[in-house]
There are 2 protein chains.
Amino acid sequence: MTSFISRYKLVLIYGVSCALLLFLMKWLEVRFLILSHSMELFIGALALLFMVLGIWLARKVYEPKVQTVIVEKTVEVPNQSFVFNEQEAARLGISKRELEVLELMSQGLSNQEIADRMFVSLNTVKTHASNLFVKLDVKRRTAAIETARKLNLVR
Amino acid sequence: MTSFISRYKLVLIYGVSCALLLFLMKWLEVRFLILSHSMELFIGALALLFMVLGIWLARKVYEPKVQTVIVEKTVEVPNQSFVFNEQEAARLGISKRELEVLELMSQGLSNQEIADRMFVSLNTVKTHASNLFVKLDVKRRTAAIETARKLNLVR
DNA sequence: TAAGCGTTCATACTTTCGGGTGATTTCAGG
DNA sequence: CCTGAAATCACCCGAAAGTATGAACGCTTA
């Protein structure tokens with residue numbers, strides 16, 4: 001919204017500048033015709049001047065657009081979201097239920113709480129956990145969480 | 001590298017176009033002078049045309065530069081490094097030793113391993129751990145790790 | 001100097017975790 | 001149809017984790 005307003009302001013300013021410049025050119029034209037009558041040089045200078053003006057105008061107008069794009073990008077990037085490493089899970093042969101246990105484990109839940117959430121017995125959770133520890137080559141649930149995090153299996 | 005080549009190609013093409021356009025303008029100038037002698041209109045048209053050309057040229061040339069800037073920004077941003085939340089640690093009243101225990105805990109070490117590393121007894125580690133659990137308002141070490149991570153106290 | 005805090009450690013006890021073993025069911029694939 | 005993997009559950013036992021309580025020491029601050 002504000003970028004549009006500022007852009008319009010710029011256009012207005014440059015429009016007025018162009019008008020003034022045109023008057024200047026006309027005055028110069030008269031001078032030129034009187035002095036040397038070298039029309040070709042005048043035409044060339046005029047063309048060059050206005051092309052430069054055009055380039056300058058375009059740069060001024062389009063530069064804010066550049067900055068806007070950059071802002072969008074910088075906002076977009078900090079999505080350091082977690083991407084599950086399917087390859088690693090498959091390589092280690094971790095099953096669906098084991099992964100569920102791992103996930104809940106990493107959230108700080110006890111085996112009993114995990115059992116309640118998954119609607120299975122405590123013993124089942126223990127079995128899944130044991131299998132996980134073998135597959136992740138660890139001896140404790142805290143180490144399992146650490147390893148799983150490093151392998152992008154959780155969070 | 002390739003962007004520079006393509007940009008130079010563009011400039012060359014537009015340079016040639018400008019030259020051709022100048023010749024066209026001169027020819028038109030003669031026509032104009034013969035037909036109506038309306039110099040003001042001719043000057044205005046010429047100025048407008050070359051300004052538009054300048055704008056067009058600037059846009060074409062500067063657009064690839066925009067993309068380059070975006071790339072630089074996206075490369076710059078992914079510094080997702082861990083910054084220890086000192087305020088939160090102070091707010092919760094977590095001491096140095098407790099923090100050390102928390103750190104080692106989050107690395108998957110057992111109480112005995114932590115005790116060995118810190119050159120204190122197992123009981124001392126347990127005491128620190130218990131105090132941590134109270135301060136972090138949790139009941140298990142896994143939950144403590146989870147909470148500590150969310151508060152940027154570890155890793 | 002007394003009070004408070006952090007650190008250290010201890011004993012005793014309960015709970016949770018993890019290993020080992022074995023059993024059943026289900027379901028996909030040779 | 002048989003096999004094997006996955007999922008489910010059970011029992012036992014030892015290890016680890018966690019709770020409760022108490023105590024000693026050093027440092028800082030009111």
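Values in this document were obtained by computation on a predicted structure and should not be read as measured data. Here is the naming used below: chain letters follow the sequence lines, and residue numbers restart at 1 for every chain. The basis for the numbers below is simple: all heavy atoms, side chains too, and nothing from hydrogens, waters or symmetry mates.
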Check: C:dC9 base within 3.5 Å donor-acceptor of B:T127 side chain | yes
Quick one: on DNA chain D, does B:K139 or A:R97 contact a more 5' nucleotide (nearest heavy atom)?
-> A:R97
Distance in angstrom units between [X] [atom1] and [N] [atom2], rounded:
{"X": "B:D116", "N": "C:dT8", "atom1": "CG", "atom2": "C1'", "value": "16 Å"}
{"X": "B:N131", "N": "C:dC9", "atom1": "CG", "atom2": "P", "value": "14 Å"}
{"X": "B:M118", "N": "C:dT7", "atom1": "CE", "atom2": "P", "value": "8 Å"}
{"X": "B:I145", "N": "D:dG18", "atom1": "CD1", "atom2": "C1'", "value": "14 Å"}
{"X": "A:Q112", "N": "D:dA17", "atom1": "CD", "atom2": "C1'", "value": "17 Å"}
{"X": "A:E98", "N": "D:dA5", "atom1": "CD", "atom2": "P", "value": "13 Å"}
{"X": "B:R141", "N": "D:dG18", "atom1": "CZ", "atom2": "P", "value": "5 Å"}
{"X": "B:L122", "N": "C:dA10", "atom1": "CG", "atom2": "P", "value": "9 Å"}

Taking A:R140 for its side chain and B:G108 for its backbone only, find out whether a donor-acceptor pair lies under 3.5 Å.
-> yes
Sugar-phosphate, base or nothing in reach of [X], heavy atoms under 4.0 Å:
{"X": "B:S121", "result": "sugar-phosphate"}
{"X": "B:S110", "result": "sugar-phosphate"}
{"X": "B:N111", "result": "sugar-phosphate"}

Considering only side-chain heavy atoms of [X], which listed nucleotide, [options], is closest?
{"X": "A:V120", "options": "C:dT7, D:dG18, D:dT8", "answer": "D:dT8"}
{"X": "B:T124", "options": "D:dT8, C:dC9, C:dC17", "answer": "C:dC9"}
{"X": "A:F133", "options": "C:dT7, D:dC11, C:dG19", "answer": "C:dG19"}
{"X": "B:S95", "options": "D:dC9, C:dG6, D:dA7", "answer": "C:dG6"}

Student check: side-chain heavy atoms of A:E100 and A:E103 closer than 4.5 Å | no
Between B:G93 and B:R140, which has a closest nucleotide on DNA chain C that is more 5'?
-> B:G93
With A:L104, which of A:V154, A:I114, A:V125 fulfils side chain to side chain contact (heavy atoms under 4.5 Å, CB included)?
-> A:I114
Report the C-alpha distance between B:E146 and B:K150 in whole Å, list the side-chain angles of each, state the deciding distance to 0.1 Å, and finish with yes or no for salt bridge (Lys or Arg N to Asp or Glu O under 4.0 Å).
-> CA-CA 6 Å; B:E146 169 79 358; B:K150 281 184 180 169; 3.5 Å; yes
Would you tell me if any nitrogen or oxygen in the side chain of B:N123 comes within less than 4.0 Å of OP1 or OP2 on C:dC9?
-> no
Check whether any side-chain nitrogen or oxygen of A:H128 sits under 4.0 Å from OP1 or OP2 of D:dT8, and answer yes or no.
-> yes
Determine, stepwise, if the pair A:T124 / A:S121 fulfils side chain to side chain donor-acceptor pair (under 3.5 Å).
-> CA-CA 5 Å; A:T124 303; A:S121 78; 3.1 Å; yes
